[in-house]
Protein chains: 2
Amino acid sequence: MLDVRRLRLLRDLSHLGTIAAVAEAHTYTPSAVSQQLAALQRQAGVALLERAGRRVTLTPTGEALVRHAEVVLAALEAADATVAAARGGLSGTVRIGAYPSAVRTLLLPALVALGRDHPALDLMVTELDPVAVPDALRDRRLDVALVHDYDIVPVEPDPALDSVPLLDETVYLAVGTDRHHTGDPMRSVRDADWIVGSPGTLCHAVTLHACELAGFRPTVRHHADDFTAVLALVAAGQGVGLVPQLALGRPSTGVALVPLTIRRRTRIAYRQGAGGHPAVAASVAALRAAARDLPGEHSAGS
Amino acid sequence: MLDVRRLRLLRDLSHLGTIAAVAEAHTYTPSAVSQQLAALQRQAGVALLERAGRRVTLTPTGEALVRHAEVVLAALEAADATVAAARGGLSGTVRIGAYPSAVRTLLLPALVALGRDHPALDLMVTELDPVAVPDALRDRRLDVALVHDYDIVPVEPDPALDSVPLLDETVYLAVGTDRHHTGDPMRSVRDADWIVGSPGTLCHAVTLHACELAGFRPTVRHHADDFTAVLALVAAGQGVGLVPQLALGRPSTGVALVPLTIRRRTRIAYRQGAGGHPAVAASVAALRAAARDLPGEHSAGS
DNA sequence: CGAATACGTAAGCTGAACTGATGCTTGACG
DNA sequence: CGTCAAGCATCAGTTCAGCTTACGTATTCG
């Protein structure tokens, strides 16, 4: 019978890529991880990983074993959820992660409601980019997280995670009011200066991709992750940028917002099997309620 | 994250009933099992078991946790199966359990075929009553086993085990040729002396139940588990008994066999998730082939 | 009302597993 | 092409989880 802790290391290795990263995620030394994975292979009697340059990659058998590990870990997570439910009385710590604009708009009312309804719950919020969410959930640095993707840059679901849809919003092109646009809004700003997110973030990726679809490479002038900053820059005539509906506060002067066909889809994610955990379920419910009460119309899937 | 070894102890406790039995099954001392279960409860933060007289019983939460444990263990079993398949070349030990009459008729040809086709396979056969099979499979004393039940005494499937149907046979009432029977064969022997299996075995239970359905309690004279012995006793005029089709060798003189509506159903059982194990799959295939080649007509389910 | 059975606790010991040090290979950079 | 850093493996040393043994307590049975 294979050891679950070792299977977990193997699974994390398949996502993180290096033994050093796995070690850091588990607060072990790389040596310990290396020894445990060696022991796993010895027990399995098959090669599960092989050196590839100065890193290691999983063999096909290793990858197959990872898929089994996901099932095992999801079942253990579900077991955890049932004992938590049996413990009764929502208590303990829930660590929630979200992207910046969601913290202000969605998470805040949900937090207030959760704190009011379940005073024994310790709520911790972390602001982080959606691309970092899967690792954070897997490594148990987060329990619940808001993630999003764009229809033109879909993110394939992670086998270790489960999620439910929350929002579906329009993405706007923010341009200075002096600009006159005709026809396809994207094509009319092909020569403008662009304000995009930091490289490596999803916002950055989606802007580049949208421009690519419109047939040009944007001239990147400014990098800004905070959408209110983006709007301020646009109002100051510093360029154009993409802004999702949720990030729009009160209407800003000097900025024209042109709706695009691009849509941003927000989901609530958690570890496979954790959906039955009472604290997770309560958080999901509170977030859905907050989304429902959001000003303006947002459609959410089931 | 709950410990799998401890969950396994909890699951085994739910089947075996006492900590002492669990300890014996794992070749631990009762003290070790007690300590581990205490640690599991401490970790869970809920009562999982409670004293009931001088034994312990599971709380509803404990039972719920057992169901999760079954899932976890099945997934680990499946993981084991894939590494075994990746190891390639059928090898290792397969411990097969069967009830006595199956050993002679079904298992023998299957063993010969398996040994011929996969010489690296170490085959071990154990003869045991079907009622002992689930525990033996769970405790890993067996890997594959033939079990049966009767339509009038159905055995509910064990959540820790998986199985495929193999045979479906007629059960005969064996009576001396001197006896003249008319009408319902069971009612005609209500006053006869009965030859039944040892108490605690399935054969014993089914005979009593069949008589009960016919409206009487049998006068038990002899106990015999070997059906050839039963037939010899019947031929010697010592009484009557139930004999399934598979147990009938060459026709015996002095014995009349009256077919009843009772049917005995034989299945191949193994641990949940072990179906993908190459050695288990090969054993199942060999047993099904042996059943197909059996003289006489036997119908097997899918 | 002993005797046996079953579970729990305390003390002690063994081995699994982690840390830290060392060495080897690979890839990047000047 | 030499140097350096990154990354993994191995070895020795140490710690702690978990086992056994011994003993105590509660319950059932004869």
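Just so you know, these numbers use all the heavy atoms, side chains as well, and skip hydrogens, waters and symmetry mates. Bear in mind that the values here come from a model prediction, so they are computed numbers and not experimental data. Chain A is the first sequence line, chain B the second, and so forth, proteins listed ahead of strands; every chain is numbered from 1.
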Exercise. Is A/Q272 close to A/E70 at the side-chain level, that is, under 4.5 Å between some pair of heavy atoms?
Worked result: no

For this session: Would you mind telling me which of D/dC8, D/dG18, C/dA21 lies closest to the side-chain atoms of A/S31?
Result: C/dA21

For this session: Answer with base, sugar-phosphate or nothing: what part of the nucleic acid does B/A20 contact at a heavy-atom distance below 4.0 Å?
Result: sugar-phosphate

For this session: Would you indicate whether B/E24, at its atom CD, is surrounded by more than 12 heavy atoms from other residues, nucleotides or ligands within a distance under 6.0 Å?
Result: no

Seminar exercise, completed: Atom CG of B/L49 and atom P of C/dG8 are separated, to the nearest Å, by 7 Å

For this session: Check every atom of D/dC19, D/dT10, C/dA17 against the side chain of A/R6 and return the nucleotide holding the closest atom.
Result: C/dA17

Problem set entry | Length of the line joining B/L13:CG and C/dC7:C1', which is rounded to integer Å | 11 Å

For this session: Grab the CG-P distance between A/L48 and D/dA9 for me, whole Å please.
Result: 12 Å

Exercise. Taking the nucleotide of DNA chain C with the closest heavy atom to each, which residue, A/T27 or A/R51, is nearer the 5' end?
Worked result: A/T27

Problem set entry | Taking every non-hydrogen atom, the tightest pair across A/A81 and A/G276 | CB-C, 3.6 Å

For this session: Find out whether A/L37 and A/L48 are in side-chain contact, i.e. whether some heavy atom of one side chain is under 4.5 Å from a heavy atom of the other.
Result: no

Exercise. Think A/S34 has a side-chain N or O under 4.0 angstrom from the OP1 or OP2 of D/dC8?
Worked result: no

For this session: Classify the nucleic acid contact of B/T29 as base, sugar-phosphate or nothing, counting any heavy atom under 4.0 Å across all strands shown.
Result: base

Exercise. To the side chain of B/T18, which of C/dC18, C/dA4, C/dC7 is closest?
Worked result: C/dC7

Exercise. Can you tell me how far C1' of C/dA6 sits from OH of B/Y28, to the nearest Å?
Worked result: 20 Å

For this session: Would you kindly give the CD-to-P distance between B/E50 and D/dT27, to the nearest whole Å?
Result: 14 Å

Exercise. Starting at CD1 of A/I19 and ending at C1' of C/dC24, how long is that distance when rounded to a whole Å?
Worked result: 15 Å

Exercise. Does A/Q35 make a side-chain N or O approach to OP1 or OP2 of C/dC18 shorter than 4.0 Å?
Worked result: no

For this session: For A/R42 and D/dA9, give me the distance from atom CZ to atom C1', rounded to whole Å.
Result: 12 Å

Problem set entry | Under 4.0 angstrom between B/R5 side-chain N/O and D/dC19 OP1 or OP2 | yes

For this session: Please determine, for the side chain of A/Q36, which listed nucleotide (D/dA5, D/dC8, C/dA17) has the closest atom?
Result: C/dA17

Problem set entry | Pair of N/O donor and acceptor under 3.5 Å linking C/dT5 base with B/R54 side chain | yes

Exercise. When you match A/A32 and A/G53 each to their closest nucleotide on DNA chain C, which lands nearer the 5' end?
Worked result: A/A32

Exercise. Mind checking whether A/Y99 and A/H148 have parallel, tilted or perpendicular rings, split at 30° and 60°?
Worked result: perpendicular

Exercise. Nearest-Å distance, NE2 (A/H26) to P (C/dA17)?
Worked result: 15 Å

